[in-house]
Number of protein chains: 2
Amino acid sequence: MQNSFTEENYLKIIHNLSGRDDLEVSTNALAESTATRAASVTDMLRKLAEKGLIHYKKYQGVRLTEEGQKVALKVIRKHRLWEVFLVEKLGFGWDEVHDIAEELEHIPSDRLVERLDAYLDHPQFDPHGDPIPDAKGNMPAPDYLKLSDIPLGHRALMMGVLEHTPAFLQHLDRSGLTLGCEIEIKEVNEFDKSAQIQINSQRTLFISQEVSRNVLVQRL
Amino acid sequence: MQNSFTEENYLKIIHNLSGRDDLEVSTNALAESTATRAASVTDMLRKLAEKGLIHYKKYQGVRLTEEGQKVALKVIRKHRLWEVFLVEKLGFGWDEVHDIAEELEHIPSDRLVERLDAYLDHPQFDPHGDPIPDAKGNMPAPDYLKLSDIPLGHRALMMGVLEHTPAFLQHLDRSGLTLGCEIEIKEVNEFDKSAQIQINSQRTLFISQEVSRNVLVQRL
DNA sequence: AAAAAAATTTAGGGCTGTCTAAAAATGTAT
DNA sequence: ATACATTTTTAGACAGCCCTAAATTTTTTT
């Protein structure tokens, strides 16, 4: 039996919300992420449980089964590959691709995904730095730090973002913060944790804590 | 108001069935093409008529309105552009792309379509030789002939196909009949209209009338 | 530990797009 | 022109996915 567009979305969102530690996901969290009401979520959870895609006991939150995990990772793989395509081949900005990939991720053909992957040269990361699961569902879990955790005076490479909204990504663009850039922490203001940083040993920039908590880096 | 996946399919199919002369399309023909029952078609027709996308009077068949035509051509444009992408960029065979394009054609973003079109260098024809409508909905109506209408001894260029089934396209592949090849009619058998033809002034080939009636050519 | 608050589920319903069975309209043939 | 056949529409129903309102369970507070 095929999973519907909607079912795939639930599985993907459950995966994203349960994080690396496979935490239980609450009905309300799902209602928020799916932009539906809690009652609707309950209906869907019953259905996904019947299909063996999630572990679900009433009032107790959900976790993906192995099978559900597989489906979720496949959807995430497709989403991220399409994002690479949109940015690398069609020239979209990283702030423009999420909604389109949200549609493309549900196109079913396995052969399509594998050919797209090959066409893109088997990318490991999407345009936001998120890792792309391979065809077997293995996804590396990079141990990046938040920029806000880098101590004063130290340097780091920008590897990803936690926040994916167009507004945030556009703000990074305007600030010159792009994946791969080198960042040195020049100064941190105690009262609001805003910081002065230097990018690629060139221009310096003030950023709020809100920004530095949503930028992922690797220490140098 | 957005048109659903299903509505778009009906409009596309009505367009294809009504042909260049804008003939009326019957409920039964639609039921066959959509693989649903006539009763379901009637429901949908009422809905499309209410939206102003088709002209519909009970028991009288349907035609697209100008608005419906626009929507249909947009879907056809997307379908054919995606087919070009799948063949030219991802290396699919022309016999493999129909079903995948059937899904991709409903991805909504206008910007996506226009960027895809540019990325593919504004192709005029899809991998089966069908013309691709431009962004404004203009579609050239090439006046190709059927190969079966080319007289004995004359030559023609293969420009398209009428039949799009994988089986037929694979048969053409095995026969060496590809778009752009030059065909000369060497012999026609009266009793079954099968023919002997020569391809690119090289090898000769026997083809049935079934084949020659489904191959589109331009006389030389 | 009882009361209040929050989270979750159930009950009942709507909309879309499908179905079957039956009725109505149209077309065809004698 | 009447009877038969075909096409199309109506009536009534159902599954998927969503909703609101009310009931229930769990969690938090006092």
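Chain naming here is simple, since letters A, B, ... match the order of the sequence lines and numbering starts at 1 in each. Note that the coordinates shown come from a computational prediction; the quantities given were computed from them, not determined experimentally.
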Among all residues two or more places apart in sequence or in another chain, which pass the ring pair (Phe, Tyr, Trp, His ring centres under 6.0 Å) test with A:Tyr10? none
Send over the distance from A:Leu30 CG to C:dT9 C1', rounded to a whole Å. 15 Å
Does a side-chain N or O of B:Tyr10 approach OP1 or OP2 of C:dT18 to a distance below 4.0 Å, or not? yes
What pairs with B:Phe125 under ring pair (Phe, Tyr, Trp, His ring centres under 6.0 Å), at least two apart in sequence or on another chain? none
Expressed as a whole number of angstroms, how long is the span from B:Lys57:NZ to C:dA25:C1'? 16 Å
Looking at the rings of B:Phe92 and B:Phe85, which for Trp means the six-membered one, are their centres under 6.0 Å apart? no
Any residue in residues 36-46 of chain B with a heavy atom nearer than 4.0 angstrom to DNA chain C? Just list them by number, or reply none. B:Thr36, B:Arg37, B:Ala39, B:Ser40, B:Asp43, B:Met44
By ring pair (Phe, Tyr, Trp, His ring centres under 6.0 Å), which residues pair with A:Phe5, not counting sequence neighbours? A:His106
All N/O pairs under 3.5 Å across the protein-nucleotides 25-29 of chain D interface:
from, atom 1, to, atom 2, distance (Å)
D:dT25, O4', A:Tyr59, OH, 3.4

Residue set satisfying side chain to side chain donor-acceptor pair (under 3.5 Å) with A:Ser4, at least two apart, ordered chain then number -> none
Given atom CD of A:Glu8 and atom P of D:dG16, what is their separation to the nearest angstrom? 16 Å
Determine all donor-acceptor pairs shorter than 3.5 Å in which one atom belongs to a side chain in residues 131-141 of chain B; sequence neighbours excluded.
from, atom 1, to, atom 2, distance (Å)
B:Asp134, OD1, B:Lys136, N, 2.8
B:Asp134, OD1, B:Gly137, N, 3.0
B:Asp134, OD1, B:Asn138, N, 3.0

Residues forming a side chain to side chain donor-acceptor pair (under 3.5 Å) with A:His98, sequence neighbours excluded: A:Glu102
Of all residues at least two apart in sequence or in a different chain, which pass the side chain to side chain donor-acceptor pair (under 3.5 Å) check with A:His128? A:Glu83
Whether A:Asn28 contacts C:dA6 is assessed here as follows: a side-chain N or O lying under 4.0 Å from the phosphate OP1 or OP2. Is that the case? no
Using whole Å, report how far NE2 of A:His106 lies from C1' of D:dG16. 16 Å
Can you check the B:Asn3 CG to C:dT16 C1' distance for me, whole Å? 14 Å
Could you give the CG-to-P distance, from B:Leu48 to C:dT16, as a whole number of Å? 12 Å
Assess the side chains of B:Asn3 and B:Glu8: does a donor N or O sit below 3.5 Å from an acceptor N or O? no
